[in-house]
Amino acid sequence: MSQSPTSLRDVSCADDYDPNSMPVDQARRLIARFLSPVTGSEQLGVRAALGRILARDVVSPVDVPAHDNSAMDGYAVRYADLGNGEAKLRVVGTAFAGQPYTGPIGAGECIRIMTGGVVPSAMDTIVMQEHTRASGDSVTVGTGHRKGQNLRRAGEDLGRGGIALARGKLLTPADIGLIASLGIAEVSVHRKLRVAFFSTGDELVSIGAQLAEGQIYDSNRYTLYGMLSRLGVDFIDMGVVRDDPALLERAFTEAAAIADVIITSGGVSVGEADFIKDLLNKLGEVLFWKIAMKPGRPLAYGKVGSAHFFGLPGNPVSVMVTFYQFVRDALYTLMGRDPVPALPMLDMVCTSALKKAPGRTEFQRGILSMDANGTWSVRVSGEQGSGILRSMSEANCFIILATEQGNVAAGSRVRVQVMEGML
Ligand code: AMP
Ligand code: MG
């Protein structure tokens with residue numbers, strides 16, 4: 001990655017910079033250059049840390065496992081006692097998980113051991129129960145064993161002082177289990193990111209009020225609420241702001257004072273952008289792009305005061321697509337997640353024919369499903385207009401069609417990004 005530019009103006013001077021036809025990847029890379037994690041962390045109990053991002057490495061205070069122990073129910077033996085043929089050994093005791101055997105074990109003797117039981121230091125091999133025959137206080141062991149088999153060595157998973165989980169990791173259920181397994185009660189996580197958002201548009205009405213002619217209910221604040229909730233940020237819903245320079249200035253100034261990130265929807269498309277442009281360039285530094293993508297063409301990114309600003313398009317589907325394609329990763333970076341993992345991409349047969357114009361990346365909404373034979377395929381989720389939120393609601397994936405791609409015949413292979421797990 002190139003060095004961080006000091007100003008958004010540096011970006012706009014680059015040779016390949018065309019704000020009116022900005023490839024998706026280039027916009028993503030440009031935004032990434034301005035992002036660094038917020039500072040500040042807090043100490044949380046293991047359960048409360050689920051979904052949060054580690055601010056410091058979790059270092060193991062112990063060897064994992066703590067003792068040499070058995071991976072099987074069976075007998076702990078000395079390999080040297082087995083010889084070449086069958087061996088008959090005297091069983092002098094039993095080690096259970098949590099209840100070690102501490103007595104002496106002479107030559108030709110062994111102990112019975114349960115999974116997780118501590119292996120006495122004199123024993124070097126575990127023979128699983130199924131490969132033995134017990135009679136009275138002795139056991140007969142067949143041939144074909146290997147020295148050290150079925151024995152888990154102390155520290156083999158993780159040595160004391162080793163890094164169990166690295167800073168930047170988003171804590172999953174497995175991670176909090178791992179932390180608990182080390183006996184650690186609290187971890188240091190990055191503080192939550194504060195995100196302020198509002199909708200812009202004179203036509204917007206909040207739910208609860210009656211619609212007058214030409215008005216519509218504001219839905220973007222609800223999808224944004226949903227997407228931000230899933231990411232685990234603190235957010236401030238600032239409502240609907242009318243397309244009025246004085247009101248917008250007040251909203252932006254207030255948002256920049258309280259939040260790390262400001263997200264708006266609407267007002268950045270051609271015809272609308274002009275006065276917002278002037279306003280935002282007065283309050284900060286903002287780039288306005290037409291992204292070579294569908295849906296979601298207009299996008300603004302920049303700084304308002306010290307807050308990062310994402311100006312998303314107004315169309316409800318565009319808001320979601322641009323959020324997933326640009327904002328999600330950016331927020332994770334600001335939250336301290338490192339690395340931000342790329343979302344998995346699948347290669348799938350598409351059973352629908354797709355209309356696609358070359359020259360832009362398309363994010364069609366798809367339904368990934370399995371047929372009676374267990375074969376997976378994808379189809380498009382109905383009408384694809386950028387205002388048709390139902391296409392998102394019914395979808396479980398994006399069908400991503402690359403810039404140069406034209407129409408897609410039914411039965412072709414396409415790339416698919418699964419929405420499950422996206423947030
Ligand atoms: P704009 O980007 O402001 O030109 O808006 C594009 C389209 O999205 C227009 O049809 C708007 O009415 C619609 N729109 C903008 N904001 C919202 C919103 N918050 N909820 C639902 N539709 C919206
Ligand atoms: Mg508008």
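In this chain, residues are counted from 1 in sequence order. Atoms within a ligand are numbered from 1 in the order they appear, just like the ligands themselves. The structure displayed is predicted, hence computed values, not measured ones.
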Quiz item: Thinking salt bridges, do Arg191 and Asp260 make one under a 4.0 Å N-O criterion?
Solution: yes
Quiz item: Which atoms of ligand 1 have any heavy atom of Ser269 under 4.0 Å away?
Solution: 1 (P), 2 (O), 4 (O)
Practice problem: Tell me which part of Val268 gets within contact of ligand 1: side chain, backbone, both or neither, using heavy atoms under 4.0 Å. | Solution: neither
Practice problem: Sort out for me which residue in Arg56, Arg52, Lys192 forms a salt bridge (charged side-chain N to carboxylate O under 4.0 Å, His left out) with Glu42. | Solution: Arg52
Quiz item: What atoms in ligand 1 come closer than 4.0 Å to a heavy atom of Tyr217?
Solution: 20 (N), 21 (C)
Quiz item: Does Glu254 pair with Arg250 as a salt bridge, N-O distance under 4.0 Å?
Solution: no
Quiz item: Do we get Lys303 above Phe34's six-membered ring, with its NZ or CZ under 6.0 Å from the centre and within 45° of the axis?
Solution: no
Quiz item: Any idea which protein heavy atom is nearest atom 19 (N) of ligand 1, and the distance to it?
Solution: Asp218 OD1, 2.6 Å
Quiz item: Please state which protein non-hydrogen atom is closest to atom 3 (O) of ligand 1 and give its distance, to 0.1 Å?
Solution: Glu272 OE1, 2.5 Å
Quiz item: How far is atom 18 (C) of ligand 1 from its nearest protein heavy atom, and which residue and atom name does that atom have?
Solution: Asn220 ND2, 3.1 Å
Quiz item: How does Leu204 reach ligand 1, if at all, at less than 4.0 Å between non-hydrogen atoms: by side chain, backbone, both, or neither?
Solution: side chain
Self-check item: Nearest protein heavy atom with distance in Å, relative to atom 10 (O) of ligand 1
Solution: Asn315 OD1, 4.2 Å
Quiz item: For atom 23 (C) of ligand 1, which candidate among Gly266, Ser318, Gly314 holds the nearest heavy atom?
Solution: Gly314
Exercise. May I ask you to identify the nearest protein heavy atom to atom 22 (N) of ligand 1, giving residue, atom name and distance to one decimal place in Å?
Key: Ile216 CD1, 3.4 Å
Exercise. Return a yes/no value for Glu203: is any of its N or O atoms, backbone included, closer than 3.5 angstrom to an N or O of ligand 1?
Key: yes
Exercise. State whether Asp68 and Arg153 are salt-bridged, where the test is any N-O pair (Lys NZ or Arg NE/NH1/NH2 against Asp/Glu carboxylate O) under 4.0 Å.
Key: yes
Quiz item: Quick check: does any side chain N or O of Arg221 sit under 3.5 Å from a backbone N or O of Asp237, one acting as donor and the other as acceptor?
Solution: no
Self-check item: salt_bridge(Arg242, Asp202) N-O dist < 4.0 Å
Solution: yes
Self-check item: Closest to atom 20 (N) of ligand 1 (judged by heavy-atom distance), picking from Ser219, Gly201, Ser199
Solution: Ser219
Quiz item: Are Phe252 and Phe198 close enough that their ring centers fall under 6.0 Å?
Solution: yes
Self-check item: Within-shell test, Gly267 vs ligand 1, heavy atom, strictly < 4.0 Å
Solution: yes
Quiz item: Between Arg28 and Asp329, is there a side-chain N and carboxylate O pair less than 4.0 Å apart?
Solution: no
